[in-house]
> 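What follows is a structure written as structure tokens; I'll ask about it next.
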Amino acid sequence: MNKDRLREWFDPQKRSLKELRELQHRAVERIDLEDGFDRIETVAGMDCSYIDKNIICAMVILDYATMEVIEKRHAIQEVGLPYIPTYLNFREGCAMASVFLQVSTRPDITIFDSCGINHPIRAGMAAYFGAVMDVPTVGVSKKILCGHAITPVNTGEYHELMQYEEQIGWVLKSNKKSNPIIIAPGNKVSMGSCLEVVQHCLKGYKLPEPTRLAHNYAGEIREELRRKTEESA
DNA sequence: GCGACAG
DNA sequence: ATCTTGTCGC
């Protein structure tokens, strides 16, 4: 994956929404919903935070068995696109790809704080990224972008997230006092496995450890950046 | 036409 | 996502 191909798939600059939609369709053709991994030894979590005109992407890699942090890395870039529902992959993709290619450990599975195939044309961030980079990915979000499901009430309870007649993910009550989270395959992870992986990564919080820690890390970088900006003013 | 809409 | 005080409940 070189710089040019990276820009080809993730850079929203100078492109119309119609062109970006076409890129999504091209990536979706590559999505594989079968497990494309052997034993899971490492899991990564990716999340972004924002400050002024910049986007901060944080990636944390953990040992799958112990959930201990192995590596952390981040990237800061200027945002290239405003938030437009269903086009999030182009707003956060550049920064995510940048960090992903910098880490020294190639995670067996990467969990994103966004949608997978539970997207109008199946091009949620996790699905798009996984298809383009050809790696196993899972999407975990807090709100439903599309589809419908029965709301789980008890901790651990889950139901299928449906769109028309097909299943596009799961809705899981991960924590007693939190709203349910939405889980979906991205690429190279089956419907059943994405649920199992996320359940394994839950440690009493609303979000699975990989994305929970990535979210915290992204926030720390933002505060650090804010502090530096303030003292130079 | 109206409402919904990941982060 | 981000801003931001108090407040309700375990």
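Chain identifiers are assigned alphabetically (A, B, ...) following the order of the sequence lines, protein sequences preceding nucleic acid strands; residue numbering begins at 1 within each chain.
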> Would you find more than 12 non-hydrogen atoms of other residues, nucleotides or ligands less than 6.0 Å from A/Y158 atom OH?
no
> What is the distance, to the nearest angstrom, from the CD1 atom on A/I55 to the P atom on C/dA1?
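Result: 12 Å.
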> Would you say the side chains of A/S193 and A/D35 form a donor-acceptor pair under 3.5 Å?
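Result is yes, a qualifying pair exists.
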> Would you call the rings of A/Y64 and A/H200 parallel, tilted or perpendicular, where under 30° means parallel and over 60° means perpendicular?
parallel
> Is the A/F129 to A/F112 ring centre distance short of 6.0 Å?
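Yes; A/F112 has its ring centre under 6.0 Å from that of A/F129.
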> Going by atom types only, do A/R21 and A/S16 share a side-chain donor-acceptor pair under 3.5 Å?
no
> Compute whether any side-chain donor of one residue and acceptor of the other, for A/S190 and A/E34, lie under 3.5 angstrom apart.
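The criterion, which ignores hydrogens and geometry beyond distance, is not satisfied for A/E34 and A/S190.
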> Fill in the dot-bracket string of DNA chain B, one character per base: . for unpaired, | for a pair to another strand, ( ) or [ ] for pairs within the strand, taking Watson-Crick or G-U pairs under 3.5 Å.
.......
> Quick one, which residues of residues 187-201 of chain A touch DNA chain B with a heavy atom under 4.0 Å?
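The answer is none.
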> Can a donor-acceptor pair be found, under 3.5 Å and without considering hydrogens, that links the side chain of A/R26 to the backbone of A/E22?
no
> Within the sub-3.5 Å range, which N or O atoms of nucleotides 4-7 of chain B have a protein N or O partner, and how far apart are they?
from, atom 1, to, atom 2, distance (Å)
B/dA6, OP2, A/Y83, OH, 2.5
B/dA6, N7, A/T86, N, 3.2
B/dA6, N6, A/T86, O, 3.2
B/dA6, N6, A/Y87, N, 3.3
B/dA6, N6, A/L88, N, 3.0
B/dA6, N1, A/M125, N, 3.1
B/dA6, N3, A/C115, N, 3.0
B/dG7, OP1, A/K142, N, 3.1
B/dG7, OP1, A/K142, NZ, 3.2

> Would you name the heavy atoms of A/G116 and A/A126 that are closest together and state the gap between them?
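So the two residues come closest at CA-CB, 4.0 Å.
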> Output the distance between atom OG (A/S174) and atom CD (A/E157), rounded to the nearest 0.5 Å.
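Atom-to-atom, A/S174:OG and A/E157:CD are 12.5 Å apart.
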> Only one of A/M162, A/Q163, A/H159 passes side-chain contact (heavy atoms from CB on, under 4.5 Å) with A/H148; say which it is.
A/M162
> What is the separation between atom CD on A/E223 and atom C1' on C/dC3, rounded to the nearest whole Å?
12 Å
> Would you say A/D113 and A/M46 make side-chain contact, with heavy atoms under 4.5 Å?
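SC-SC contact between A/D113 and A/M46 ruled out.
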> Please work out which of the three classes, parallel, tilted or perpendicular, describes the rings of A/Y217 and A/H74, given edges at 30° and 60°.
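Answer is perpendicular, since the angle exceeds 60°.
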> For residues 48-58 of chain A, run the donor-acceptor check on the side chains, cut-off 3.5 Å, and write out each pair with its distance to 0.1 Å, sequence neighbours left out.
from, atom 1, to, atom 2, distance (Å)
A/S49, OG, A/A218, O, 3.0
A/Y50, OH, A/R91, NE, 3.2
A/Y50, OH, A/E92, OE2, 2.7

> Contact class for A/H148 (heavy atom, under 4.0 Å): base, sugar-phosphate, or nothing?
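Contact class for A/H148: none.
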> Pairs counted as Watson-Crick or G-U wobble with both distances under 3.5 Å: what dot-bracket string results for DNA chain C, using | for bases tied to another strand?
..........
> Tabulated below should be each protein N or O lying under 3.5 Å from an N or O of nucleotides 5-10 of chain C; please produce it.
none

> Could you go through A/V138 and A/I183, starting from their C-alpha distance and side-chain angles, then the distance that decides it, and tell me whether this counts as side chain to side chain contact (heavy atoms under 4.5 Å, CB included)?
CA-CA 7 Å; A/V138 171; A/I183 304 163; 4.2 Å; yes
> When rounded to the nearest 0.5 angstrom, what is the spacing between OG1 in A/T229 and CG in A/L225?
5.0 Å
> Please state how far atom CG in A/L225 lies from atom P in C/dT2, giving the value in whole angstrom units.
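Rounded to the whole Å, the gap is 13 Å.
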